[in-house]
Asker: 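My questions all concern the structure below.
Side chains included, hydrogens not; waters and symmetry mates left out as well; all remaining heavy atoms used. Note on naming: letters A, B, ... go to the chains in the order of the sequence lines (proteins, then strands), and numbering restarts at 1 for each one.
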Number of protein chains: 2
Amino acid sequence: MKRKITLKQIARELEVSISTVSKALKDSDEISKDTKQKIQAFAKLYNYRPNNIALSLKNRRTKNIGVVIPDIVHHFFTTVFRGIEKYANERGYNVIVCVSDESYDKEVVNMELLANGSIDGFIMSVSAETQQKNDFHHLREVMDQGFPLVLFDRVIDEIECDKVVMNDEEIAYEATCKFLEEGKKKVALVTTESYFNVSEKRAEGYRRALVEQGADYDPKLTLVVPFRGGEESCIDAFFEEEEFDAVLCVNEVFAVQVMGIAQEKGYRVPEDISVIGFTNGLLSRYSSPTLTTIAQHGERMGEVAAEMLIEKLENEIGFEEEETYRTEIIEATLIERNSTGKKK
Amino acid sequence: MKRKITLKQIARELEVSISTVSKALKDSDEISKDTKQKIQAFAKLYNYRPNNIALSLKNRRTKNIGVVIPDIVHHFFTTVFRGIEKYANERGYNVIVCVSDESYDKEVVNMELLANGSIDGFIMSVSAETQQKNDFHHLREVMDQGFPLVLFDRVIDEIECDKVVMNDEEIAYEATCKFLEEGKKKVALVTTESYFNVSEKRAEGYRRALVEQGADYDPKLTLVVPFRGGEESCIDAFFEEEEFDAVLCVNEVFAVQVMGIAQEKGYRVPEDISVIGFTNGLLSRYSSPTLTTIAQHGERMGEVAAEMLIEKLENEIGFEEEETYRTEIIEATLIERNSTGKKK
DNA sequence: TTGTACGCGTTATCAA
DNA sequence: TTGATAACGCGTACAA
């Protein structure tokens with residue numbers, strides 16, 4: 001077992017000083033050609049690489065990005081993560097992930113840990129519990145300490161920082177319009193509890209479309225599925241109690257469940273009931289019928305988030321300069337498959 | 001903006017030496033009660049936390065684990081990752097992820113980078129390209145440098161290290177037997193190219209079951225789907241050319257595609273054709289019919305891998321002790337849903 | 001009971 | 001052209 005070689009060891013071996021070695025390896029012209037060659041050859045032979053930790057300590061930057069997300073077994077988040085990781089790697093950054101598991105406490109603890117020197121900045125999507133509690137002191141804390149923060153998807157209006165969001169409201173509007181164009185009359189919405197602000201925005205777009213297009217907005221046609229469990233029976237009951245001919249779902253799992261239950265009950269999709277879901281994942285592609293879906297372009301979101309963060313990291317602002325924050329909007333797109341009909 | 005406070009600053013502020021502060025904060029009894037109280041109160045007020053980087057440098061351990069996987073937008077890998085992250089976090093470790101994207105070069109570069117001080121050990125699943133090239137010098141390299149390595153799922157026989165694998169061969173055997181018990185006669189296999197050694201093992205289990213149970217093993221009933229693209233037409237052609245009444249698929253995407261094409265062609269699942277797939281993901285749960293599947297228990301794999309790694313990290317072996325390696329086997333389980341029939 | 005000195009690996013500044 | 005020194009932040013053996 002050969003431990004990694006250090007400057008000091010090279011110096012001792014070659015009987016020169018540490019600083020000479022350091023300079024030689026940077027090809028400084030303070031050092032004579034001969035010594036440089038000798039040192040460089042030796043370093044190459046022993047495959048010398050500077051120790052990242054020592055560099056981090058010295059430079060006060062780790063070249064690590066902290067990513068805090070609610071869940072990792074989740075198509076959208078992994079997609080975003082892939083975008084982050086790709087862009088960050090290209091720029092020489094590594095990514096440390098922490099999963100909050102939708103828990104406020106974990107989120108806080110993890111971020112504190114990372115903030116003790118492990119990373120240079122954060123990219124995050126806040127946990128459900130955090131949104132519920134409406135307590136964001138941990139975000140303020142890290143920003144106070146000088147860590148750039150980029151929020152994506154589940155962002156917080158009260159926090160001033162860079163953000164990357166989707167045009168949730170508009171795309172929900174578009175999707176709803178699509179149903180109406182198809183000739184559908186009673187469009188339902190299946191959503192999650194509203195402290196997820198993305199759900200709220202999607203619901204707004206849905207409502208606005210109905211009202212503006214002169215269709216009926218009936219609050220009873222909105223089904224709020226509880227956070228964990230019991231979706232199945234919940235949706236089943238919804239079918240029994242209400243009547244509708246189109247359903248917009250805030251995720252693809254709901255959408256596939258809606259299609260399944262509809263078909264069990266003898267409705268045809270899309271002839272009797274059209275369905276659109278958010279999240280263009282595997283389910284959408286392989287369900288029957290295949291699902292018309294809203295692609296969130298998570299990878300792009302990740303790239304943009306990473307780009308914004310790294311820009312902040314590499315352009316540390318001067319004293320008197322005003323800090324400015326941007327909000328980038330990623331345009332979702334509607335992907336038409338077979339769970340919706342043609343325009344009339 | 002208030003930067004994190006350091007021992008030095010506390011010392012200056014309180015007009016004591018740095019080491020006094022350090023000791024006081026560890027509640028050392030070398031320090032008088034009074035000074036301890038004073039220092040602790042001050043530290044608490046300013047929310048002092050030791051700098052991880054400095055600790056890493058001093059202790060020569062980072063408390064970071066490097067995870068190298070081929071893909072992150074992938075149900076199985078994220079599942080394993082979740083297990084790793086959970087266990088690691090509980091033990092005070094953070095996780096740095098690198099995605100090789102199935103590329104040999106990326107894998108090599110990423111590992112070298114991490115090995116320059118960023119992490120204490122590796123958990124990885126090798127990329128497809130690496131398996132194809134059969135070049136594992138980068139794994140040997142990091143091990144030589146003293147980094148513990150735990151391989152999972154896609155492991156390498158020639159490399160001696162800790163491993164976590166699934167009982168692929170046996171569970172494929174079991175699944176195949178299940179078809180036979182159902183009364184099926186011609187069992188097909190849909191798999192990927194064989195340099196994925198897990199595919200190879202699954203194929204072996206499939207063959208062994210047919211032979212041992214006295215059914216026919218017909219090589220023509222094995223469909224090897226090419227690495228990227230064209231699955232659809234490939235499977236379609238398979239249906240045209242061969243006859244079978246049961247299909248074992250090495251992943252759930254293939255399985256769902258097989259069911260879809262079968263149903264299009266007028267076969268009933270499971271009456272005419274039974275289907276079982278590996279990977280108990282969303283698709284299996286929401287396909288129609290729901291898919292009988294092999295649960296790989298990825299989260300457990302991740303936990304075990306992390307446990308093995310951390311054990312190695314925390315029990316650095318002495319000089320003369322022999323290094324020993326283990327291979328843990330995670331038992332997959334067959335989850336029966338509606339794409340297979342009852343035992344006869 | 002407190003403080004000094006050293007080392008972890010590196011780089012930058014200044015002196016020789 | 002080379003080397004000594006200090007610094008990044010921390011912990012600890014040893015000296016005072």
Asker: Which residues satisfy the side-chain hydrogen bond (donor to acceptor under 3.5 Å, both in side chains) test with R60(A), sequence neighbours excluded?
Answerer: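 R60(A) satisfies side-chain hydrogen bond (donor to acceptor under 3.5 Å, both in side chains) with no residue once adjacent residues are dropped.
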Asker: Using whole Å, report how far NZ of K63(A) lies from P of dT10(C).
Answerer: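 It is 17 Å, rounded to the nearest whole Å.
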Asker: Which whole-number value in Å describes the distance from K38(B) NZ to dT1(C) P?
Answerer: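 In whole Å, dT1(C) P lies 15 Å from K38(B) NZ.
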Asker: Without decimals, in angstroms, what is the distance between Q9(B) CD and dA7(D) P?
Answerer: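 From Q9(B) CD to dA7(D) P: 15 Å.
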Asker: Give the rounded distance in Å between these two atoms: CD1 of I10(B) and P of dG3(C).
Answerer: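 After rounding, the gap between these two atoms is 14 Å.
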Asker: Are T327(B) and D162(B) packed together at the side-chain level, in the sense that at least one heavy-atom pair is separated by less than 4.5 angstrom?
Answerer: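 Sidechains of D162(B) and T327(B): no contact.
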Asker: Which atom pair, heavy atoms only, marks the closest approach of P50(A) to L55(A)?
Answerer: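 Minimum heavy-atom contact is CB-CD1, 4.0 Å.
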Asker: Look at T35(A) and dT1(D) and indicate whether a side-chain polar atom (N or O) is within less than 4.0 Å of OP1 or OP2.
Answerer: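 False: T35(A) side-chain N/O out of range (4.0 Å or more) of dT1(D) OP1/OP2.
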Asker: Using whole Å, what does the distance between atom P of nucleotide dT2(C) and atom NZ of K33(B) come to?
Answerer: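 Going from NZ in K33(B) over to P in dT2(C) covers 14 Å.
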Asker: Ignoring hydrogens and geometry beyond distance, is a side-chain donor-acceptor pair present between E107(B) and T130(B) at under 3.5 Å?
Answerer: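 Short answer, yes.
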Asker: Taking 4.0 Å as the cut-off, does a side-chain nitrogen or oxygen of S56(A) come that near to OP1 or OP2 on dC8(D)?
Answerer: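 For S56(A), the contact criterion (side-chain N or O under 4.0 Å from OP1 or OP2 of dC8(D)) is not met.
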Asker: Please report the distance, rounded to the nearest Å, between CD in Q37(A) and P in dT1(D).
Answerer: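 After rounding, the reported distance stands at 14 Å.
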Asker: Taking OP1 and OP2 of dT1(D), is either one under 4.0 Å from a side-chain nitrogen or oxygen of S32(A)?
Answerer: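 For dT1(D), OP1/OP2 do not have a side-chain N/O of S32(A) under 4.0 Å.
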Asker: Tell me whether the OP1 or OP2 atom of dG9(D) has a side-chain N or O from R60(A) closer than 4.0 Å.
Answerer: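 Yes, R60(A) has a side-chain N/O under 4.0 Å of OP1/OP2 on dG9(D).
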Asker: In whole Å, I'd like the distance from the CG atom of N52(A) to the P atom of dT10(C).
Answerer: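 Answer to the nearest Å: 10 Å.
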Asker: Verify the distance criterion only: is there a donor paired with an acceptor across the side chains of S22(B) and S19(B) at less than 3.5 Å?
Answerer: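 There is no such pair between these side chains.
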Asker: Could you work out how much the helix from dT1(C)-dA16(D) to dA16(C)-dT1(D) bends, comparing the axis of its first five pairs with that of its last five, to 10°?
Answerer: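 Computed from the C1' atoms at both ends, the axes differ by 70°.
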Asker: List the protein contact pattern of nucleotides 10-16 of chain D with one symbol per nucleotide (5' to 3'): B for base contact, S for sugar-phosphate-only contact, - for none; contact means a heavy-atom distance under 4.0 Å.
Answerer: BBBBB--
Asker: Can you tell me how far P of dC8(D) sits from CG of L57(B), to the nearest Å?
Answerer: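 From L57(B) CG to dC8(D) P: 14 Å.
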Asker: Inspect the surroundings of CZ in F136(A) and state if more than 12 heavy atoms from other residues, nucleotides or ligands are less than 6.0 Å away.
Answerer: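 Count over threshold, so yes.
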Asker: Taking OP1 and OP2 of dT2(D), is either one under 4.0 Å from a side-chain nitrogen or oxygen of T20(A)?
Answerer: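 Looking at the OP1 and OP2 atoms of dT2(D), neither is under 4.0 Å from any side-chain N or O of T20(A).
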Asker: Taking the six-membered ring for Trp, are F42(A) and Y46(A) ring centroids under 6.0 Å apart?
Answerer: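 Yes: the rings meet the under 6.0 Å criterion.
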Asker: Check R91(A) against K63(A) and note the closest heavy-atom contact, atom names and distance.
Answerer: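 Smallest interatomic distance, heavy atoms only, reads O-NZ, 3.7 Å.
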Asker: With a 3.5 Å cut-off and no angle check, do the side chains of T35(A) and S32(A) form a donor-acceptor pair?
Answerer: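 Short answer, yes.
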